[in-house]
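As structure tokens, the structure follows; a few thoughts come after it.
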Amino acid sequence: MKIYNTLIREKQEFVPLVEGEVRIYTCGPTVYNYFHIGNARPFITFDTLRRYLEYKNYKVIYVQNFTDIDDKMINQANAEGITVREMADRYIREYYIDADNLNIKRSTFQPRATDCIVDILDMINVLVNKGYAYVAEDGVYFSVEKFETYGKLSNFNLDELEAGASERVCINESKINRADFALWKFKKEGEPSWESPWGDGRPGWHIECSAMSRKYLGDTIDIHCGGQDLIFPHHENEIAQSEATTGKPFVNYWMHNGFININNQKMSKSSGNFFTIRDIVQKYSYEVIRFFILSSHYRSPINFSEDLLAASQVALERIRNCVNNNTFIIDNRKKTGFEENIIANLDIQELKEAIAKAKTEFIASMDDDLNTADAMAALFDLVRVANIASTKDNVPSSILNEASTIIIVLFGVLGIKIIQEETIPSEVIALVVDRVNAKNEKNFALADEIRKKIGDFGFTVSDTPAGPKISKI
RNA sequence: GGCACCAUAGCCAAGUGGUAAGGCAGAGGUCUGCAAAACCUUUAUCCUCCAGUUCAAAUCUGGAUGGUGCCUCCA
């Protein structure tokens, strides 16, 4: 499999540290709100990476953290008159509701920053002892000048950063270099704090991820994921802290997803132009959201709009119709005792070839830097052939079933559920029987009236050569 | 100012040297009591523009134009 590695800015053959195992760390949410569609992109993208690696029989150790202490959280908790911990608990619960519904697998480990204070302090201690960190007025800082390769991920050098920063206000005069960042922030009035050798306080944002990654995955990991906006300073700083601490490479492959835009502008909590998952599912299902995200390459920007969501919904229905239709035909054949013509023929051959091709192309696309859009196209090709085959009596049920299975399994690798649980109420079944009778009596006005009633239950009935087919709206 | 990225049909989108996938929308048709679904046909002589390299470029090189992001919390 090839992965685009931000560190070298090109695609690279993926070779894990330990054969058959993959260690992945991905930066999780700061839990002070419901998460929005922009936050959902990395969760979904890298969950798909994980599922694909597992599909390829790798053992994946996946860590996604919760940032449960920072300025925004403190401010909001104070405003609401609750503790930071209470607010974090609440939005972690809410996170899981959305994440579970989006079919994002639970991480192998999902640590909270405030539960790893000991590990964070250990790391800071090493950095101070090694001379990479120093104590200033308001906290302990990492000295970027001490870390020679600072800037290797983002392609910034310290002089350029100085030039950029010159237009901005220099907030803290006690720092040696403007780019120095806080490892530990000393306590201010009204803030939660923990004891440390340098004074009570709380961890800086960057050190959390370094410490949690190291705690659960070791000094060097295979893949570190996140949004492109985290490249600098967050990931750059993680590299500096981790490599300064251990003297070993921190991450072999850096993967970064593109943004979701609104009217070609970045969507973000701070700009206020965001849609939460909770907002969107008022109108579109979780599967549609996931389908929408995966229908572009993960590194490309996506422009979000309701029209695109609507298009994704219809496209997903096309897949579901194919599978449901196959199921209907197969069940119907069993009921009616349909005798299958098992003589080999061209239609069977075509479908068999389409199944094999879909699988091969799906894997080839996913192997090419997780090209989910191309992988989905391969499955749409199979859907077309399967739809044709399903109209022919000379294609055995077993092969129709095989087509359905491969579609379900491979969409499952993308984390998209094709089969929807649905129980048809007995009232609906009775109405369908009534409608068949009405139709037999050529009483079409009554038949249409009954169809409307069925619609009131949230179901549709369509007439097929094999009889009425009921499906949920 | 520095560093990155992007530009493909009405819309979305794949394609990194061999002559434009796929989805949505549209048009016509088949099937149907009517629908729905499905199928068939159709929808970019061409990939923002201009040069260049090559037998061959949407794909490589240089330039232009337009757009976005990062350099500050941010997925």
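Just so we're clear, the structure is a prediction, and the values are computed from it rather than from any experiment. Just so it is clear, the values below take in all heavy atoms, side chains as well, and ignore hydrogens, waters and symmetry mates. Here is how names work: the chains are called A, B, and so on, in the same order as the sequence lines, proteins then strands, and each is numbered from 1.
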Has A:Asn155 got a side-chain N or O lying under 4.0 Å from the OP1 or OP2 atom of B:rA4?
yes

Indicate whether OP1 or OP2 belonging to B:rA75 is found under 4.0 Å from a side-chain N or O atom of A:Asn39.
yes

Tell me whether the side-chain N or O atoms of A:Asp307 pair up with the base of B:rC12 as donor and acceptor below 3.5 Å, since no angle test is needed here.
no

Is there a side-chain polar atom (N or O) of A:Ser300 under 4.0 Å from OP1 or OP2 of B:rA14?
yes

Using a heavy-atom cut-off of under 4.0 Å over every strand shown, decide if A:Gly38 touches base, sugar-phosphate, or nothing.
base

Please tell me whether A:Ser107 and A:Arg50 have a donor and an acceptor in their side chains that are separated by less than 3.5 angstrom.
no

Under 4.0 Å, counting only non-hydrogen atoms across every strand here, what does A:Ser154 touch: a base, just sugar-phosphate, or nothing?
sugar-phosphate

Remember a base hit wins even if backbone is also touched, and classify A:Phe232 as base, sugar-phosphate or nothing at under 4.0 Å, heavy atoms.
sugar-phosphate

If I pick the P atom on B:rC71 and the same atom on B:rA14, what distance separates them, to the nearest angstrom?
25 Å

Whole-Å distance separating the CZ atom of A:Phe444 from the P atom of B:rA35
12 Å

In whole angstrom, what separates A:Glu10's CD from B:rA4's C1'?
15 Å

Between B:rA75, B:rA38, B:rC40, which one does the side chain of A:Ile260 approach most closely?
B:rA75

Considering only NZ, NE, NH1 and NH2 on the basic side and carboxylate oxygens on the acidic side, decide whether A:Asp434 and A:Lys453 come within less than 4.0 Å.
no

Spacing between A:Tyr298 atom OH and B:rA75 atom C1', to the nearest angstrom:
14 Å

Give A:Asn371 one of three labels, base, sugar-phosphate or nothing, depending on what nucleic acid heavy atoms sit under 4.0 Å from its own.
sugar-phosphate

Which listed nucleotide (B:rA25, B:rC39, B:rC3) is nearest to the side chain of A:Phe156?
B:rC3

If you check the A:Phe380 side chain, which of B:rG23, B:rA37, B:rG33 turns out closest?
B:rG23

Fit a plane to each ring of A:Phe275 and A:Phe304, take the angle between them on a 0 to 90° scale, and name the class: parallel (under 30°), tilted (30 to 60°) or perpendicular (over 60°).
tilted

Keeping the roles fixed (side chain from A:Thr464, backbone from A:Gly467), state whether a donor-acceptor pair exists under 3.5 Å.
yes

Candidates B:rA75, B:rC12, B:rA13 - which lies nearest the side chain of A:Pro42:
B:rA75

In whole angstrom, give the distance that lies between atom CG of A:Asn237 and atom C1' of B:rU72.
13 Å

Could you check how far CG of A:Asp70 sits from P of B:rU72, rounded to whole Å?
17 Å

Quick one: label A:Met376 by what it contacts on the DNA or RNA (base, sugar-phosphate, nothing), any heavy atom closer than 4.0 Å.
nothing

Atom CD1 of A:Ile319 to atom P of B:rA38: distance rounded to whole Å?
10 Å

Suppose we define a pair by two distances each less than 3.5 Å, Watson-Crick or G-U wobble; what does B:rA20 pair with here?
none

So, does A:Arg451 get its side chain near the phosphate of B:rA36, meaning an N or O under 4.0 Å from OP1 or OP2?
no

Between A:Leu316 and A:Asn261, the residue closer to the 5' end of RNA chain B by nearest nucleotide is A:Leu316

Might you confirm whether atom CG of A:Asn440 has over 12 heavy atoms from other residues, nucleotides or ligands at distances under 6.0 Å?
yes

Could you please name the partner base of B:rA58, counting Watson-Crick and G-U wobble pairs only when both distances are under 3.5 Å?
none

Kindly indicate whether the side chain of A:Asp374 and the base of B:rG22 share any N or O donor-acceptor pair separated by less than 3.5 Å?
no

Please determine if A:Glu287 and A:Arg320 form a salt bridge, counting it only when a charged side-chain N lies under 4.0 Å from a carboxylate O.
yes

Does A:Asp180 pair with A:Lys146 as a salt bridge, N-O distance under 4.0 Å?
no

For B:rU68, does either OP1 or OP2 sit under 4.0 Å from a side-chain N or O belonging to A:Gln265?
yes

Between A:Lys152 (NZ) and B:rC70 (P), how many Å, whole number?
24 Å

Using the P atom as the reference point in each nucleotide, state the distance between B:rG23 and B:rU41 in Å, no decimals.
13 Å

Nucleotide B:rA37, atom P - distance to CZ of A:Phe459 in whole Å:
18 Å

Are A:Glu191 and A:Lys185 close enough for a salt bridge, meaning some N to O gap below 4.0 Å?
no

Which whole number of Å gives the distance between the C1' atom of B:rU43 and that of B:rU8?
15 Å

5'-most contact on RNA chain B: A:Gly226 or A:Leu308, nearest heavy atom basis?
A:Leu308

Looking for any heavy atom pair under 4.0 Å, which part of the strands does A:Ser296 touch: base, sugar-phosphate only, or nothing?
sugar-phosphate

Scan every strand shown for a Watson-Crick or G-U wobble partner of B:rU30, both distances under 3.5 Å, and answer none if you come up empty.
B:rA38

What distance, rounded to whole Å, do you find between the two P atoms, one in B:rG66 and one in B:rC73?
31 Å

Please measure how far the C1' atom in B:rG52 lies from the corresponding atom in B:rG15, and state the result in whole Å.
24 Å

For atom P, what is the distance between B:rG26 and B:rG10, given to the nearest Å?
16 Å

Identify whether any heavy atom of A:Leu230 sits under 4.0 Å from a base atom; if not, whether one sits that close to sugar-phosphate; answer base, sugar-phosphate or nothing.
sugar-phosphate

Does B:rC39 have OP1 or OP2 under 4.0 Å away from a side-chain N or O of A:Arg318?
yes

The side chain of A:Ala315 is closest to which nucleotide in this list: B:rC24, B:rC11, B:rA75?
B:rC24

What's the closest nucleotide to the A:Arg9 side chain, out of B:rC3, B:rA4, B:rA21?
B:rA4

Taking B:rU59 as the reference, what is the distance to B:rA9 when you measure between their P atoms (whole Å, please)?
15 Å

Using Watson-Crick or G-U wobble geometry with both distances under 3.5 Å, which nucleotide pairs with B:rA75?
none

Minimum-distance nucleotide to A:Ser462 side chain [options: B:rA36, B:rG23, B:rA4]
B:rA36

Which of the following nucleotides, B:rA14, B:rG22, B:rA38, is nearest to the side chain of A:His297?
B:rA14

Looking only at side-chain N and O atoms, does A:Asn264 come under 4.0 Å of OP1 or OP2 in B:rU68?
no

In Watson-Crick or G-U wobble terms, both distances under 3.5 Å, what is the partner of B:rC70?
B:rG2

Take atom P in B:rU72 and the same atom in B:rU61, then report the distance between them in whole Å.
31 Å

From C-beta outward on A:Asp368, which listed nucleotide comes closest to its side chain: B:rG15, B:rC39, B:rA35?
B:rG15

So that I can tick it off, tell me whether A:Arg451 and A:Asp448 are bridged by a salt bridge, with the cut-off set at under 4.0 angstrom between side-chain N and carboxylate O.
yes

At 4.0 Å (heavy atoms only), tell me whether A:Asn321 reaches a base, stays on the sugar-phosphate, or touches nothing.
sugar-phosphate

Indicate, with a heavy-atom threshold strictly under 4.0 Å, whether A:Ala377 touches base, sugar-phosphate, or nothing.
base

Is any side-chain N of the basic residue among A:Lys188 and A:Asp138 closer than 4.0 Å to the acidic one's carboxylate O?
no

Classify the nucleic acid contact of A:Asn324 as base, sugar-phosphate or nothing, counting any heavy atom under 4.0 Å across all strands shown.
nothing

Would you tell me if any nitrogen or oxygen in the side chain of A:Lys439 comes within less than 4.0 Å of OP1 or OP2 on B:rC34?
no

